[in-house]
Undergrad: 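The following block contains the structure, expressed as structure tokens.
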Number of protein chains: 2
Amino acid sequence: MTSTGDSGSEGAGGKDGDRRAQLVDAAVDHVAAHGIGDLSLRGLGAAIGVSHRMLIHYFGSKEQLLVEIVRASEQRQRDLLSRLRAEPGVSPVDAARLLWRQLTDPQLANQERLFFEIYGQALRGRPEAVPVLDNLVSDWLEPLVAAEVTAGTDPATAHNRARLGLATVRGLLLDLLATGDREGVDAAMEEFFRLYYGPG
Amino acid sequence: MTSTGDSGSEGAGGKDGDRRAQLVDAAVDHVAAHGIGDLSLRGLGAAIGVSHRMLIHYFGSKEQLLVEIVRASEQRQRDLLSRLRAEPGVSPVDAARLLWRQLTDPQLANQERLFFEIYGQALRGRPEAVPVLDNLVSDWLEPLVAAEVTAGTDPATAHNRARLGLATVRGLLLDLLATGDREGVDAAMEEFFRLYYGPG
DNA sequence: CGGTACATGTACCGTGTGGTACATGCAGCC
DNA sequence: GGCTGCATGTACCACACGGTACATGTACCG
């Protein structure tokens, strides 16, 4: 902080804001593939073609970089959600099936793994991950409750049902990632649909 | 490996097997409180009153120590499960409620957090955690399926129902740990019971 | 051309790590 | 007593890490 002054973090939109965003994007890719646990500035820098000095330059510290990585990867999840909401004219069951199929797309596996890794580290108290805990449930609950209500459920039970559905999806996702048993997990999910939406 | 020879790992039951077990037990306690992520031999040693040299002495390497810690903490989970199965003469719903209440006992929160942290790191590929993935689902599925079958469900759907129940519990546990909203999560669980066992 | 500001690289530093070498204590046994 | 074997501690090593100091480019502006 004495002589050079290193621009550091500067909101968004500066001429090097692009570079920052680009670096963070590459970092999220790398982290989705290799995890957040043993991340080092040197390793990351080498992987995305930049010296570790540059990462410090643009992000100030490893922690701040991690914060942005976590935030960005969260944003990707949210993008997925909003993409799913824009699907009108299908029955709730089919919408849910569609959602489930998208979530279990093998191409997303790395992203899901990262999600649960960050979740775990946040639960353990890793500072740069902790803030996500606030939104981890509520962000998803909100649209799910809305969907339930528009489907005719009364608001009180709609909340419970939404919360239950979210938990079940996450639990079965954990199962799928651990066992890889797509068929078995899908069958369990179908059972849930039967209980949830009634047979048929 | 050249001169001293350091007894290292020796199955079980040697006269220092006790010391090993005692160290691993203390280590699990420490890890349940502080997590597995930033564990260092020095920090752990200081916490449980032993020099980091001793940990190497008894376990050979940090990785092997971690393996035993993970295994032991898994064993604790399994102990909980078997304690729960020895509860005859109660209806399935009430047994499930009992199980749920025990799992959500705040005293167990640290252990649960550790569970999900290890789960997350195993998904990410941390070598000493990966082996748990095999049993993470099947170990619980087996008794749950048995319970379903003795309750009269046909084996095929019993498997699906058990898998679904396990996932739901884990998903709601994740929710609870993240939000701390005991009331809301309990309500969602009650909703699940209603769907699962029928109203009543 | 000169100069100012920024992007990037290289070299370095202090620290904490896992692991090793070696010394010391302490028990049992001849 | 003296020896042998194990438990424990102290001191050390090499290494990788995050972070810093400083130099070098490189573009734009006068």
Side-chain angles (χ1 to χ4, degrees), chain A residues 1-27 30-31 34-70 126-129, chain B residues 1-27 30-31 34-70 126-129:
Chain A
M1 276 289 183
T2 51
S3 53
T4 42
D6 268 350
S7 58
S9 67
E10 53 170 58
K15 92 180 101 180
D16 64 5
D18 298 345
R19 185 86 177 108
R20 256 177 81 94
Q22 167 191 347
L23 287 179
V24 112
D25 204 58
H30 177 260
V31 137
H34 300 88
I36 204 187
D38 50 3
L39 187 72
S40 81
L41 293 183
R42 290 173 142 88
L44 174 62
I48 67 180
V50 94
S51 76
H52 83 286
R53 170 68 181 83
M54 279 302 93
L55 297 173
I56 293 280
H57 173 71
Y58 280 108
F59 301 97
S61 74
K62 185 191 181 183
E63 286 227 339
Q64 283 184 43
L65 170 57
L66 257 173
V67 170
E68 303 227 14
I69 290 178
V70 169
R126 181 155 176 168
E128 57 270 20
Chain B
M1 278 288 185
T2 52
S3 53
T4 41
D6 267 350
S7 58
S9 66
E10 50 169 65
K15 92 180 102 184
D16 62 5
D18 298 346
R19 187 83 176 111
R20 257 176 80 94
Q22 169 191 344
L23 287 179
V24 114
D25 204 57
H30 178 261
V31 137
H34 299 86
I36 203 190
D38 50 4
L39 186 73
S40 81
L41 293 183
R42 289 174 144 87
L44 173 61
I48 67 180
V50 93
S51 77
H52 83 285
R53 170 70 181 81
M54 280 302 92
L55 298 172
I56 294 280
H57 174 71
Y58 280 108
F59 301 97
S61 74
K62 185 192 181 184
E63 286 226 338
Q64 283 185 44
L65 170 58
L66 257 174
V67 169
E68 303 225 15
I69 290 177
V70 169
R126 182 153 174 169
E128 56 271 18

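Every chain is numbered from 1 and lettered A, B, ... according to where its sequence line falls, protein lines coming before strand lines. Nothing here was measured: the structure is a model prediction, and the numbers come from that model.
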Undergrad: Under the rule for salt bridge (charged side-chain N to carboxylate O under 4.0 Å, His left out), what residues qualify as partners of B:Asp25, not counting sequence neighbours?
TA: B:Arg76
Undergrad: Please give, in whole Å, the distance from D:dA7 P to B:Ile56 CD1?
TA: 16 Å
Undergrad: Over all strands shown, is A:Leu44 touching base, sugar-phosphate only, or nothing at heavy-atom distances under 4.0 angstrom?
TA: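 A:Leu44: no heavy atom of the nucleic acid under 4.0 Å.
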Undergrad: Using whole Å, report how far CZ of A:Phe59 lies from P of D:dG19.
TA: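 So the two atoms are 13 Å apart, to the nearest Å.
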Undergrad: With a 3.5 Å limit on both atom pairs, tell me what D:dC15 is paired to, counting Watson-Crick and G-U wobble, or say none.
TA: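 WC or wobble partner is C:dG16.
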Undergrad: Whole Å only: how far is the CD atom of B:Glu63 from the C1' atom of C:dT17?
TA: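 That distance rounds to 14 Å.
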Undergrad: With a 3.5 Å distance limit and no angle check, can you tell me whether B:His57 reaches the backbone of B:Arg53 through a side-chain donor-acceptor pair?
TA: no
Undergrad: Classify the nucleic acid contact of A:Leu55 as base, sugar-phosphate or nothing, counting any heavy atom under 4.0 Å across all strands shown.
TA: nothing
Undergrad: Expressed as a whole number of angstroms, how long is the span from B:Leu66:CG to C:dG19:P?
TA: 10 Å
Undergrad: Take atom CG of A:Asp38 and atom P of C:dG18, then tell me their distance rounded to the nearest Å.
TA: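 Checked: the CG to P distance equals 14 Å.
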Undergrad: With sequence neighbours excluded, tell me which residues meet ring pair (Phe, Tyr, Trp, His ring centres under 6.0 Å) with B:His52.
TA: none
Undergrad: Walk along nucleotides 9-15 of chain C from 5' to 3' and tag each nucleotide B, S or - by protein heavy-atom contact under 4.0 Å, base first, then sugar-phosphate.
TA: BBBB---
Undergrad: Let's see if you can work this out: which of D:dT8, C:dT17, D:dG19 has an atom nearest to the side-chain heavy atoms of B:Arg19?
TA: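 The closest nucleotide is D:dT8.
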Undergrad: Scan the side chains in residues 35-46 of chain A for donor-acceptor partners under 3.5 Å anywhere in the protein, sequence neighbours excluded, and list what turns up.
TA:
from	atom 1	to	atom 2	distance (Å)
A:Ser40	OG	A:Gly43	N	2.9

Undergrad: I need the minimum non-hydrogen distance between B:Arg19 and B:Tyr58, along with the two atoms involved.
TA: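 Scanning both residues, the minimum pair turns out to be CG-OH, 3.3 Å.
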Undergrad: May I have the distance from B:Lys62 (atom NZ) to C:dT20 (atom P), rounded to whole angstrom?
TA: 15 Å
Undergrad: In Å, rounded to the nearest 0.5 Å, how long is the span from CD of A:Glu63 to CD of A:Glu68?
TA: 13.0 Å
Undergrad: What is the separation between atom CD on A:Glu128 and atom C1' on D:dG18, rounded to the nearest whole Å?
TA: 13 Å
Undergrad: Where do B:Ile69 and B:Ala27 come nearest, in terms of heavy atoms and distance?
TA: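 The pair with the smallest heavy-atom distance is CD1-CB, 3.7 Å.
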Undergrad: Between B:Tyr58 (OH) and D:dC6 (C1'), how many Å, whole number?
TA: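 Those two atoms, OH and C1', are 8 Å apart.
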